[in-house]
There are 2 protein chains.
Amino acid sequence: MTEGVVERSRPRERILETARDMFHKHGIKGVGVDAITEAAGTNKMTLYRHFESKDELIVECLRANAAKAGAMWDVFEAEFPGDKLAQLHAWVRKAAAMLNADGRGCDMANAAAELTEPDHPARLVIKELKEAQRERLVTLCRDAGIGQAELLADTLSLLFEGARVSVQTVGNEGPSMQFVRMAEGLIVSFRGTAAG
Amino acid sequence: MTEGVVERSRPRERILETARDMFHKHGIKGVGVDAITEAAGTNKMTLYRHFESKDELIVECLRANAAKAGAMWDVFEAEFPGDKLAQLHAWVRKAAAMLNADGRGCDMANAAAELTEPDHPARLVIKELKEAQRERLVTLCRDAGIGQAELLADTLSLLFEGARVSVQTVGNEGPSMQFVRMAEGLIVSFRGTAAG
DNA sequence: TCTGGAAGTTACAGACCGGTAACACCCTAG
DNA sequence: CTAGGGTGTTACCGGTCTGTAACTTCCAGA
């Protein structure tokens, strides 16, 4: 009895989960707090008891997204223990899978597009989380024995980021279809020039 | 006297120009029609006499953006008549310049992030305009003698698109700094495998 | 000079937004 | 049993949003 069903977890968790989903689907400015709380089966007062403002809720959603996405690195390590190159290829496959998951791009990128005020609290955490993601990919490339690890990681990052917005604008049968081919080709090419 | 100063052109032009600028800077949902008309030195009634809704204004702004961006292809042709490879390199330089122009990404991509309703009128023209842009780049690559023209064009597209969102999230000193190096390397690589 | 259409002005409708106040409820820890 | 904190409910505030109505002003062309 102490362990509640997920459907009936604490209000804070339900609000956070619901907000993440609705922000992702309809954009941040496209969703009001009333809609979130109603979908979460609670009310506005409870939301404002747990989050001091909508902006703080947005920030918490972004952090939760990053935390969930960050878990994939552990999955890669579990699937291919020690084999960093295999983990890099796993990242490519995972990225490709995300492209076909739904037509919405990266939540952080979308948030950055919507929240234009230069001092919006979300902008700081977006930058910080994106930089952390980059670090992980660079490290993976380096540990996989790639010579120019930073350059490969940045290239793969830009390709993936571009593919996500491409899916959002022209759908998943446009340039993003070639993502895996591009990424795999790049890895091969960078491994060729690896050296030591 | 018949030729009015740009500052005092017809209201429709002023509204369109002002809306393009404000949508770009603050996002679509971040700008109301009142703010647009005031900045354009006119009023809401005049806007609604020329555009039947804000959505139509949005669509017209996107078309105007694409038209202005499309003019660059003619500039390339004028700068390097007949030399398609030089024009491709000019595209790379132009793209890099856009990355440092301001911290805002592509207006169409940003609009697609904001306007999530699947049947929003803007989504159709975004897709159509993006596909036209892709066609032009593919044609340029093909005319430049690249063997796998579609693949190179798509790769460059994704890189550029990704670089624009990267600038928007982490600034122009992140992965997007390497854009020119990546693009030039790709062109060299694809020319090597050109063949006939 | 007269006229007609484009543009400006003011006010408003109806909806939604983020956020708060006051109060009733319920459930669990003591 | 009781006290108290978390939660639900209702109503509200001030502001902003898209879009419209009714009216006035202005200016160019006949």
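Just so it is clear: chains get the letters A, B, ... in the order the sequence lines come, proteins before strands, and each one is counted from 1. The figures that follow rest on heavy atoms only: side chains count, while hydrogens, waters and symmetry mates do not.
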Taken to the nearest whole Å, CG/D34(A) to P/dT20(C) is 14 Å
(message) In the structure I gave you, are the side-chain heavy atoms of D55(A) and L115(A) within less than 4.5 Å of one another anywhere?
(response) no
Quiz item: Is any side-chain nitrogen or oxygen of S53(A) closer than 4.0 Å to OP1 or OP2 of dG18(C)?
Solution: no
R10(B) CZ to dA6(C) C1', in whole Å, measures 8 Å
Among dC12(C), dG8(D), dT9(C), the one nearest any side-chain atom of K44(B) is dC12(C)
Separation of dC17(D) atom C1' from I36(B) atom CD1, nearest Å, is 12 Å
Checklist entry - Within less than 4.0 Å of OP1 or OP2 of dA6(C), is there a side-chain N or O belonging to T46(B)? => result no
* Could you please spell out the steps behind the salt bridge (charged side-chain N to carboxylate O under 4.0 Å, His left out) verdict for K130(A) and E161(A)? => CA-CA 11 Å; K130(A) 278 284 179 191; E161(A) 207 89 68; 2.9 Å; yes
When rounded to whole Å, the CD1 to C1' distance for the pair I28(B) and dT16(D) reads 18 Å
Quick note, salt bridge (charged side-chain N to carboxylate O under 4.0 Å, His left out) partners involving residues 109-126 of chain A, not counting sequence neighbours, are none
_Is the ring pair F179(B)/F160(B) parallel, tilted or perpendicular, if the boundaries are 30 and 60 degrees?_
tilted
Of dT20(C), dG19(D), dT9(C), the nucleotide closest to the side chain of M45(A) is dT20(C)
_Check the phosphate of dG6(D) against H50(A), side-chain N and O only, distance under 4.0 Å to OP1 or OP2. Yes or no?_
no
With five pairs defining each end axis, the helix from dT1(C)-dA30(D) to dG30(C)-dC1(D) comes out bent, to 10°, by 10°
Given side chains that start at C-beta, do those of N110(A) and N110(B) come closer than 4.5 Å, heavy atoms only?
no
Taking dT20(D), dA7(C), dT20(C) as options, the one with an atom nearest any side-chain atom of Y48(A) is dT20(C)
Against the side chain of K54(B), the closest entry in dG19(D), dA22(D), dT7(D) is dG19(D)
key: Validation row: K25(A), R104(A) side chains within 4.5 angstrom (heavy atoms)   = no
